[in-house]
Engineer: 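Have a look at this one before I ask anything.
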There are 2 protein chains.
Amino acid sequence: MLRLRNAGYKITPPRRAVIEVVLREGEHLDPNEILQQAQAIYPHTGRATVYRTLELLTTLGIVRPIYVGEHGPTYIRAEGGHHHLVCSLCGAVTDFDQCVADSMERELEARFGFQIRSHLLEFYGYCARCRQTQPEIAAN
Amino acid sequence: MLRLRNAGYKITPPRRAVIEVVLREGEHLDPNEILQQAQAIYPHTGRATVYRTLELLTTLGIVRPIYVGEHGPTYIRAEGGHHHLVCSLCGAVTDFDQCVADSMERELEARFGFQIRSHLLEFYGYCARCRQTQPEIAAN
DNA sequence: TAATCAATTGAGAATTTGTCTCAATTGATC
DNA sequence: GATCAATTGAGACAAATTCTCAATTGATTA
Ligand SMILES: [Mn+2]
Ligand SMILES: [Mn+2]
Ligand SMILES: [Zn+2]
Ligand SMILES: [Zn+2]
């Protein structure tokens with residue numbers, strides 16, 4: 001909200017709604033779900049505006065699209081870090097906490113002149129359940 | 001290739017083509033680009049087959065979709081790790097080498113019964129160039 | 001508070017992506 | 001070389017995303 005205003009963008013009802021929805025804790029929502037939930041808050045919200053707002057928020061580093069599991073992109077808050085264990089078979093995503101990435105930020109910023117705002121650390125493999133049900137694949 | 005055969009799948013010309021294209025070093029290609037390049041190798045390659053092959057390769061943990069920059073999903077080889085610095089403004093992706101993620105694998109595997117095959121570590125923020133050209137946004 | 005105006009919006013059309021179907025083909029095994 | 005389930009591609013279909021443009025509105029100013 002403040003970030004938006006500071007960057008010179010207007011605060012409008014549909015933008016408020018989209019932001020509220022996407023920043024709700026623990027959500028990994030696709031654009032359609034975001035549209036639905038935003039309309040529950042501000043009924044007039046249009047589809048195009050949802051896409052436009054997601055793009056804007058991404059640009060401002062407030063949300064981030066992640067592509068995981070079978071289908072389309074999903075959006076999560078960018079702030080801080082996200083740490084996922086992703087199953088390549090069933091697409092299940094498990095969050096975990098402790099993360100060792102912050103220790104690298106300073107050096108990367110110095111080396112590349114990059115200003116880091118957040119990160120995403122994902123491990124890919126096979127979840128406990130898929131290892132049981134489909135050992136042939138997990139094995140090889 | 002061996003992974004495919006071991007998992008009981010046939011080795012076919014379009015599959016070969018898609019694999020060759022996606023595994024080419026440094027490529028982050030979307031399905032359409034993959035189709036184009038695969039057709040340069042094996043002209044008959046069809047769109048549906050590209051999608052089917054990408055899904056299969058993802059399932060086998062050979063490639064991984066990532067969602068970076070403005071538009072749709074992009075595919076990269078999964079093997080080992082990928083380490084990206086992603087600019088939220090211009091979408092530029094810079095690779096870097098040293099990574100501290102491997103040190104976490106053992107513990108996560110033990111804790112979640114998960115079999116880890118690879119990882120993706122991405123830092124988001126603003127690249128040196130965008131910090132210069134659009135200080136208003138990078139600032140706030 | 002009222003006027004101003006560039007930014008923003010939403011409906012629907014248009015386009016782009018991704019999925020499905022099914023008859024024809026083919027890789028692997030024998 | 002014969003066999004057969006797996007795979008393929010064309011094109012229909014469906015879903016996701018972007019575009020267009022007239023109408024509206026948030027923020028700033030008088
Ligand atoms: Mn998460
Ligand atoms: Mn890369
Ligand atoms: Zn699983
Ligand atoms: Zn940049």
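Since the structure is predicted, the reported quantities are computational estimates derived from the model, not experimental observations. First the proteins, then the strands, lettered A, B, ... as listed; each starts at 1.
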Engineer: Taking only N and O in the side chain of B:Thr49, is any of them less than 4.0 Å away from OP1 or OP2 of D:dG9?
Structural biologist: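 Checking B:Thr49 against D:dG9: at least one side-chain N or O falls below 4.0 Å of OP1 or OP2.
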Engineer: Verify whether the ring centers belonging to A:His28 and A:His84 lie closer than 6.0 Å.
Structural biologist: yes
Engineer: Could you give the distance from OH (A:Tyr126) to SG (A:Cys90), rounded to the nearest 0.5 Å?
Structural biologist: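 Reported value, rounded in 0.5 Å steps: 11.0 Å.
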Engineer: Test side-chain contact (heavy atoms from CB on, under 4.5 Å) on B:Leu29 and B:Val21; report intermediate values, then the result.
Structural biologist: CA-CA 9 Å; B:Leu29 302 170; B:Val21 167; 3.5 Å; yes
Engineer: Under 4.0 Å from OP1 or OP2 of D:dT25: is there any side-chain N or O of A:Thr12 that close?
Structural biologist: no
Engineer: Please tell me whether A:His119 and A:His83 form a close aromatic pair, meaning their ring centres lie under 6.0 Å apart.
Structural biologist: yes
Engineer: Between C:dT26 atom C1' and B:Arg52 atom CZ, what is the distance in whole Å?
Structural biologist: 14 Å
Engineer: Got a list of protein N/O to nucleotides 14-17 of chain D N/O distances below 3.5 Å?
Structural biologist:
| residue | atom | partner | partner atom | Å |
| --- | --- | --- | --- | --- |
| D:dT17 | OP2 | A:Tyr51 | OH | 2.4 |
| D:dT17 | O5' | A:Tyr51 | OH | 3.3 |

Engineer: On DNA chain D, check which nucleotide each of A:Ala48 and B:His44 is closest to and give me the residue with the more 5' one.
Structural biologist: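 Between the two, 5'-proximity favours B:His44.
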Engineer: Side-chain donor-acceptor pair under 3.5 Å between B:Ser118 and B:Arg64, yes or no?
Structural biologist: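 The criterion, which ignores hydrogens and geometry beyond distance, is satisfied for B:Arg64 and B:Ser118.
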Engineer: Could you point out which residue of B:Arg24, B:Glu27, B:Glu20 forms a side-chain hydrogen bond (donor to acceptor under 3.5 Å, both in side chains) with B:Gln37?
Structural biologist: B:Arg24
Engineer: Got B:Arg117 and B:Glu79 here, is their nearest side-chain heavy-atom distance under 4.5 Å?
Structural biologist: no
Engineer: Would you find a donor on one side and an acceptor on the other, under 3.5 Å apart, between the side chain of B:Gln39 and the backbone of B:Gln36?
Structural biologist: no
Engineer: If I take atom CG in residue B:Leu57 and atom C1' in nucleotide D:dT7, what distance separates them, rounded to the nearest angstrom?
Structural biologist: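 Rounded to whole Å, this separation is 14 Å.
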Engineer: Which of these nucleotides, D:dG9, C:dA28, C:dT9, is closest to any side-chain atom of B:Arg5?
Structural biologist: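 Of all the options, the side chain of B:Arg5 is nearest to C:dA28.
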Engineer: Please write out each protein N/O paired with an N/O of nucleotides 3-6 of chain D under 3.5 Å, distance rounded to 0.1 Å.
Structural biologist:
| residue | atom | partner | partner atom | Å |
| --- | --- | --- | --- | --- |
| D:dA6 | O4' | B:Lys10 | NZ | 3.4 |

Engineer: Between atom CG in A:Leu35 and atom C1' in C:dG12, what is the gap in whole Å?
Structural biologist: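 So the CG-C1' distance, A:Leu35 to C:dG12, works out to 14 Å.
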Engineer: Which part of the nucleic acid, if any, lies within contact of A:Pro13, taking any heavy atom under 4.0 Å across all strands shown: a base, the sugar-phosphate backbone alone, or nothing?
Structural biologist: sugar-phosphate
Engineer: Roughly how many Å is it from CD in B:Glu55 to P in C:dT19, rounded to a whole number?
Structural biologist: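 That distance rounds to 7 Å.
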Engineer: Whole angstroms only, please: what is the CD-P distance between B:Glu33 and C:dG18?
Structural biologist: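 So the CD-P distance, B:Glu33 to C:dG18, works out to 12 Å.
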Engineer: In this structure, how many angstroms lie between the C1' atom of C:dT19 and the CG atom of B:Leu56, rounded?
Structural biologist: 16 Å
Engineer: Checking the side chain of A:Arg3 only, and the main-chain atoms of A:Leu60 only, is there a donor and an acceptor separated by less than 3.5 Å?
Structural biologist: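 Yes; judged by distance alone, with no hydrogens or angles, the pair exists.
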